[in-house]
Amino acid sequence: MFTGIIETLGTIQEIKKENTNIHIKINSSITNELKIDQSVAHNGICLTVVAIEDSFYTVTAIDETIKKTNLAHWKVGDKVNLERAMKLGDRLDGHIVQGHVDQTGTCIAAEQTNGSWLYTFEYDEKLNNITIEKGSITVNGVSLTVVNSKKNQFSVAIIPYTYENTNFKNFKIGTKVNLEFDVIGKYISRLYANQ
């Protein structure tokens with residue numbers, strides 16, 4: 001379980017394919033605090049730490065994860081948003097995030113607006129996910145509030161702190177992102193889909 005409040009950025013150092021799996025080696029300022037078997041959200045994808053060496057750690061993604069996320073687009077040198085699992089008793093500063101990506105979306109607009117940024121994302125509506133105006137959404141693991149909710153797209157406003165401390169600053173039109181829809185929104189969309 002995560003909150004969508006990003007702790008730090010990691011840098012991808014190496015990507016190795018093994019059959020249908022991908023092993024990703026990451027350099028991070030929190031590596032020395034990690035343990036093997038620990039869950040860490042990477043751009044919102046919950047992955048397990050399988051090896052640690054100096055300031056580097058390795059996670060493995062299976063075929064199912066690769067198909068449902070933007071992981072296949074990752075390259076050496078890319079920055080990824082990192083968040084360790086929340087501790088029981090901690091404040092829930094974002095919202096309840098499972099680390100299970102529902103689908104990917106595409107950035108279709110990015111504009112600076114007097115000191116903040118407004119990003120618009122489009123997603124495939126056939127998967128029956130919805131956003132709710134002023135509800136929560138997770139984009140690449142970042143807990144955000146939805147603005148301008150439409151049938152297959154939504155926008156989010158990004159404050160300077162989030163812009164500087166996440167990989168949002170690297171987004172441009174066409175960037176693929178991981179989306180985890182709010183658990184409450186998922187429940188509502190399933191109700192409507194079954195009527």
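Just so it is clear, the model here is predicted, and its values are computed rather than measured.
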**Request:** Take the angle between the ring planes of His42 and Tyr57 and call it parallel below 30°, perpendicular above 60°, tilted in between.
**Result:** tilted
**Asked** At their closest point, which heavy atom of Leu71 faces which heavy atom of Thr65, and how far apart are they?
**Response** CD1-CG2, 4.4 Å
**Prompt:** Between OG of Ser116 and CD1 of Ile159, what distance do you get to the nearest 0.5 Å?
**Reply:** 9.5 Å
**Request:** Return the minimal non-hydrogen interatomic distance between Thr106 and Lys176, and the atom names on each side.
**Result:** OG1-NZ, 3.0 Å
**Request:** Answer yes or no: is there a side-chain heavy-atom contact under 4.5 Å between Val147 and Lys134?
**Result:** yes
**Fill in**
Scanning both residues in full, the closest heavy-atom pair of Ile66 with Ala72 reads CG2-CB, 4.0 Å
**Message:** Does the plane of the ring in Tyr123 sit parallel, tilted or perpendicular to the ring in Phe181? Use 30° and 60° as the thresholds.
**Reply:** perpendicular
**Asked** Are Ile30 and Phe56 connected, step by step, through hydrophobic side chains (Ile, Leu, Val, Met, Phe, Trp, Tyr) whose heavy atoms are closer than 4.5 Å?
**Response** no
**Asked** Are side-chain heavy atoms of Thr120 and Asn148 found at a separation under 4.5 Å?
**Response** no
**Item:** side-chain contact (heavy atoms from CB on, under 4.5 Å) between Thr162 and Val142, worked out
**Value:** CA-CA 9 Å; Thr162 304; Val142 182; 4.0 Å; yes
**Asked** Does any donor atom in the side chain of Thr3 or Glu83 lie under 3.5 Å from an acceptor atom in the other side chain?
**Response** yes
**Asked** Does the side chain of Ser55 come under 3.5 Å of the side chain of Asn27 through a donor N or O and an acceptor N or O?
**Response** yes
**Asked** Are any of the side-chain heavy atoms of Tyr163 and Tyr119 separated by less than 4.5 Å?
**Response** yes
**Asked** If you group Ile, Leu, Val, Met, Phe, Trp and Tyr by side-chain heavy-atom gaps below 4.5 Å, do Ile6 and Leu34 land in one group?
**Response** no
**Asked** Do we see a donor-acceptor contact under 3.5 Å between the side chains of Thr8 and Ser29?
**Response** yes
**Asked** Ignoring hydrogens and geometry, is there a side-chain-to-backbone donor-acceptor pair from Glu7 to Arg84 under 3.5 Å?
**Response** yes
**Complete:** From the list Thr175, Asp78, Asn43, side chain to side chain donor-acceptor pair (under 3.5 Å) with Asn167 holds only for Asn43
**Asked** Is the closest side-chain donor-acceptor distance between Asn129 and Gln103 under 3.5 Å?
**Response** yes
**Message:** Could you report the tightest heavy-atom contact between Asn19 and Lys17, atom names first, then the distance?
**Reply:** O-CE, 4.0 Å
**Prompt:** If you count the non-hydrogen atoms of other residues, nucleotides and ligands that lie under 6.0 Å from NZ in Lys25, is the total more than 12?
**Reply:** yes
**Asked** Quick one: does Trp117's side chain get under 4.5 Å of Pro160's, heavy atoms only?
**Response** yes
**Request:** First locate atom NE2 of His100, then atom OG1 of Thr69, and finally report the distance between them rounded to the nearest 0.5 Å.
**Result:** 12.5 Å
**Asked** Side-chain contact, heavy-atom cut-off 4.5 Å: Thr11 with Gln13?
**Response** yes
**Item:** Test side chain to side chain contact (heavy atoms under 4.5 Å, CB included) applied to Asn178 and Asp102, Val139, Val101, Asn81, the passing residue
**Value:** Val101
**Asked** Tell me, do Ile22 and Lys16 make a side-chain contact under 4.5 Å, heavy atoms counted?
**Response** no
**Request:** Please round to the nearest 0.5 Å and tell me the distance separating atom CG of Leu144 and atom CG of Asp182.
**Result:** 12.0 Å
**Asked** Under 4.5 Å between any side-chain heavy atoms of Val80 and Trp74, yes or no?
**Response** yes
**Closest heavy-atom pair and its distance - Val146, Ile132** = CB-O, 3.4 Å
**Asked** When you check the side-chain N and O atoms of His23 and Thr58, is any donor under 3.5 Å from an acceptor?
**Response** no
**Request:** Could you pull out all residues at least two apart from Lys67 that satisfy side-chain contact (heavy atoms from CB on, under 4.5 Å)?
**Result:** Asp63
**Request:** Say whether Ile45 and Val49 are linked into one hydrophobic cluster, either directly or through other cluster members, by side-chain heavy-atom distances under 4.5 angstrom.
**Result:** yes
**Prompt:** Between atom CG of Asn140 and atom OG1 of Thr104, what is the distance when rounded to the nearest 0.5 Å?
**Reply:** 10.5 Å
**Step-by-step side-chain contact (heavy atoms from CB on, under 4.5 Å) determination, Val40 to Val59** = CA-CA 9 Å; Val40 178; Val59 292; 5.8 Å; no
**Hphob cluster co-occupancy, Leu82 + Ile15, side-chain heavy atoms under 4.5 angstrom** = yes
**Prompt:** Does Ile158 belong to the same Ile/Leu/Val/Met/Phe/Trp/Tyr cluster as Ile173, with side-chain heavy atoms less than 4.5 Å apart forming each link?
**Reply:** no
**Item:** Separation of Gln153 CD from Glu125 CD (nearest 0.5 Å)
**Value:** 10.5 Å
**Request:** Please assess Ile137 against Val156 for the test side-chain contact (heavy atoms from CB on, under 4.5 Å), listing each intermediate value before the final yes or no.
**Result:** CA-CA 9 Å; Ile137 184 80; Val156 291; 3.9 Å; yes
**Prompt:** Parallel, tilted or perpendicular for Phe168 and Phe171, by the 30°/60° rule?
**Reply:** tilted
**Reported OG-to-CZ distance for the pair Ser155 and Phe121, which is rounded to 0.5 angstrom** = 8.5 Å
**Side-chain heavy atoms of Ile130 within contact of Lys151, under 4.5 Å** = no
**Request:** Begin with the C-alpha distance, continue with both residues' side-chain angles, and end with the deciding distance and a verdict on side-chain contact (heavy atoms from CB on, under 4.5 Å) for Ile12 and Ile24.
**Result:** CA-CA 7 Å; Ile12 297 173; Ile24 305 134; 4.0 Å; yes
**Prompt:** So, for Gln98 and Cys46, which heavy atoms are closest and what is the spacing to 0.1 Å?
**Reply:** O-CB, 4.4 Å
**Asked** Sub-3.5 Å donor-acceptor pair from the side chain of Lys169 to the main-chain atoms of Glu164, do we have one?
**Response** yes
